[in-house]
*Asks:* 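One structure is given below, represented as structure tokens, and several questions about it will come after.
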Amino acid sequence: MTQHAPIVLDVAGITLTQLDKKRLAHPLTGGVILFARNWQDRSQLTYLCAEIKAIRSDLLILVDHEGGRVQRFKTDGFTHLPPMRALGDLWMKDALQATHAATAAGYILAAELRACGVDMSFTPVLDLDYGGSSVIGDRAFHRDPRVATLLAKSLMHGLLLAGMSSCGKHFPGHGFVKADSHTEIPVDKRSLKAILADDAAPYKWLSAGMQSVMPAHVIYPKVDSRPAGFSKRWLQEILRGDFGFTGAIFSDDLSMEGARLIDDKRVSYTEAAIVALNAGCDMVLLCNQSVGDEGRAVDELLDGLEAAEAKRQFTPSEMSEQRRLNLLPQTAPMPWDELMISPAYMQALNQLP
């Protein structure tokens with residue numbers, strides 16, 4: 001078995017197929033990201049997570065579950081969490097109540113997911129709310145990086161109370177650009193000094209307490225010609241070097257348009273993964289490629305990265321693998337029925353805005 005399992009992939013449906021099982025058993029697979037199509041109800045989700053862990057107990061089960069419009073599971077008892085902007089709005093009325101509400105939101109989010117077997121959500125969003133980004137919008141806490149940092153720190157506290165790691169995204173900031181990196185390549189032409197003073201500041205202030213970070217598929221041409229997730233300058237020099245961040249770095253989805261053009265060249269998923277890993281990512285995500293044509297793109301990435309490893313085009317890292325394993329919960333989750341009547345959970349529900 002390899003010493004590094006950097007690929008996070010998805011599965012097509014509500015149960016595992018034989019193809020899914022084969023891919024999850026691949027030594028380069030380190031995690032699974034779930035989507036709304038993988039959801040039917042809580043018992044099905046719990047069974048799916050158990051199926052995944054039965055193949056390999058070390059696989060990370062991940063989801064984008066932030067609250068507001070980015071919440072994959074919304075029925076059968078899951079709390080409808082507010083968008084993060086609601087916490088920023090509350091801050092303007094009562095700052096301390098807002099931090100209390102953010103901790104409650106983080107606790108509810110994590111405790112409900114963990115009760116069904118999900119290990120981690122990609123949250124909090126640290127992008128700043130400039131008002132012009134269609135893809136970020138009300139997912140951001142606030143325009144002020146200090147407010148965003150304190151509310152994110154409070155949310156992360158709630159996650160940790162339920163035994164879940166955090167992931168700050170999208171480094172060094174996706175909120176300033178209007179373009180959506182799912183469909184085009186956003187370019188932020190500001191200077192490094194301006195970005196560090198504003199958008200990237202939360203990552204510096206939270207570097208000691210955050211377990212993982214996801215960089216943006218955004219190009220900052222005054223800093224590097226490559227998008228942040230493929231840039232040694234951003235990931236190794238600034239995030240790890242200047243900010244002292246020691247947690248895991250996930251690439252954003254390699255199937256997004258913002259990941260497919262590197263150095264003005266259209267690249268394959270494997271080529272994008274190699275560049276991301278060599279730039280400093282510990283794990284790479286390939287999303288929504290298991291659906292249709294039997295997930296050929298997923299197999300191409302698994303086979304391609306295996307061949308690249310044999311040719312030494314990227315070097316597996318024991319340190320990266322340890323960072324991945326560190327994201328797995330260290331405590332047992334509270335079962336759903338116990339959670340529903342626990343005083344901490346009921347108290348948290350009362351604190352939501």
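All values below were derived from every heavy atom in this structure, side-chain atoms included, with hydrogens, water molecules and symmetry-related copies excluded.
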*Asks:* For ring pair (Phe, Tyr, Trp, His ring centres under 6.0 Å), just list the numbers for F78 and F73, CA-CA rounded to whole Å, side-chain angles, deciding distance to a tenth of an Å, and then say yes or no.
*Replies:* CA-CA 7 Å; F78 268 91; F73 316 133; 5.7 Å; yes

*Asks:* Before you tell me yes or no, could you show the steps for Y345 and W336 under ring pair (Phe, Tyr, Trp, His ring centres under 6.0 Å), namely the whole-Å CA-CA distance, both residues' side-chain angles and the distance that decides it to 0.1 Å?
*Replies:* CA-CA 11 Å; Y345 177 80; W336 187 276; 7.4 Å; no

*Asks:* Indicate whether any N or O donor in one side chain lies under 3.5 Å from an N or O acceptor in the other, for R72 and S121.
*Replies:* no

*Asks:* Can you measure from CG (L34) to NE2 (H65) and round to the nearest 0.5 angstrom?
*Replies:* 11.5 Å

*Asks:* Can you list the residues that meet the side-chain hydrogen bond (donor to acceptor under 3.5 Å, both in side chains) rule with Q97, with sequence neighbours excluded?
*Replies:* Q351

*Asks:* For residues 117-137, which residue pairs pass the salt bridge (Lys or Arg N to Asp or Glu O under 4.0 Å) check, not counting sequence neighbours?
*Replies:*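 Salt bridge (Lys or Arg N to Asp or Glu O under 4.0 Å) check on residues 117-137 returns K53-D119, R85-D129.
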
*Asks:* Between CD1 of I108 and CD of Q347, what distance do you get to the nearest 0.5 Å?
*Replies:*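 Rounded to the nearest 0.5 Å, the CD1-CD separation comes out at 9.5 Å.
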
*Asks:* Please report the shortest heavy-atom distance between N38 and Q44, naming the atom on each side.
*Replies:* O-NE2, 2.8 Å

*Asks:* Just checking, is any N or O donor in the side chain of E112 or T79 under 3.5 Å from an acceptor N or O on the other one?
*Replies:* yes

*Asks:* Heavy-atom count around M346 CE within 6.0 Å, excluding the residue itself: above 12?
*Replies:* yes

*Asks:* Restricting to non-hydrogen atoms, name the atom on C287 and the atom on I33 that form the minimum distance, rounded to 0.1 Å.
*Replies:*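 Nearest heavy atoms, C287 then I33: SG-CG2, 3.9 Å.
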
*Asks:* Is there a salt bridge (charged side-chain N to carboxylate O under 4.0 Å, His left out) between D299 and K22? Walk through the geometry before answering.
*Replies:* CA-CA 10 Å; D299 294 326; K22 180 174 164 244; 5.1 Å; no

*Asks:* For the residue pair Y220 and W234, does the interplanar ring angle fall in the parallel (under 30°), tilted (30 to 60°) or perpendicular (over 60°) class?
*Replies:*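 Rings of Y220 and W234: perpendicular, over 60°.
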
*Asks:* In the hydrophobic cluster built from side-chain contacts under 4.5 Å, what are the other members alongside Y130?
*Replies:* L128, F176

*Asks:* Assess the residue pair D144 and R146 against the criterion (salt bridge (charged side-chain N to carboxylate O under 4.0 Å, His left out)); give the C-alpha distance rounded to whole Å, side-chain angles, the decisive distance to 0.1 Å, and a yes or no.
*Replies:* CA-CA 5 Å; D144 187 327; R146 298 167 300 177; 2.8 Å; yes

*Asks:* Can you hop from I61 to I55 via hydrophobic side chains spaced under 4.5 Å?
*Replies:*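 Shared cluster, yes.
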
*Asks:* Run the numbers on H217 and F230 for ring pair (Phe, Tyr, Trp, His ring centres under 6.0 Å), then give the verdict.
*Replies:* CA-CA 8 Å; H217 286 329; F230 304 96; 5.7 Å; yes

*Asks:* If you measure from NZ on K21 to OG1 on T15, what distance do you get to the nearest 0.5 Å?
*Replies:* 8.0 Å

*Asks:* Check the hydrophobic clustering (I, L, V, M, F, W, Y; side-chain heavy atoms under 4.5 Å; chains of links allowed) and say if Y269 and V298 are grouped together.
*Replies:* yes

*Asks:* When rounded to the nearest 0.5 angstrom, what is the spacing between CE in M84 and CG in L151?
*Replies:* 9.5 Å

*Asks:* The test is salt bridge (charged side-chain N to carboxylate O under 4.0 Å, His left out); show your working for D282 and R323 and say whether it passes.
*Replies:* CA-CA 8 Å; D282 300 296; R323 289 188 193 116; 2.7 Å; yes

*Asks:* Under 4.5 Å between side-chain heavy atoms, hopping through other hydrophobics if needed: is there a path connecting L160 to L327?
*Replies:* no

*Asks:* NZ/K169 to CZ/F122 distance, rounded to the nearest 0.5 angstrom?
*Replies:*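 Those atoms lie 7.5 Å apart.
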
*Asks:* If you round to the nearest 0.5 Å, how far is CD of Q211 from CZ of F245?
*Replies:* 8.0 Å

*Asks:* Please determine whether the number of non-hydrogen atoms from other residues, nucleotides or ligands lying under 6.0 Å from atom CZ of R312 exceeds 12.
*Replies:* no

*Asks:* Might you work through the salt bridge (charged side-chain N to carboxylate O under 4.0 Å, His left out) test for R143 and D198, ending with a clear yes or no?
*Replies:* CA-CA 9 Å; R143 167 63 187 88; D198 222 4; 2.9 Å; yes

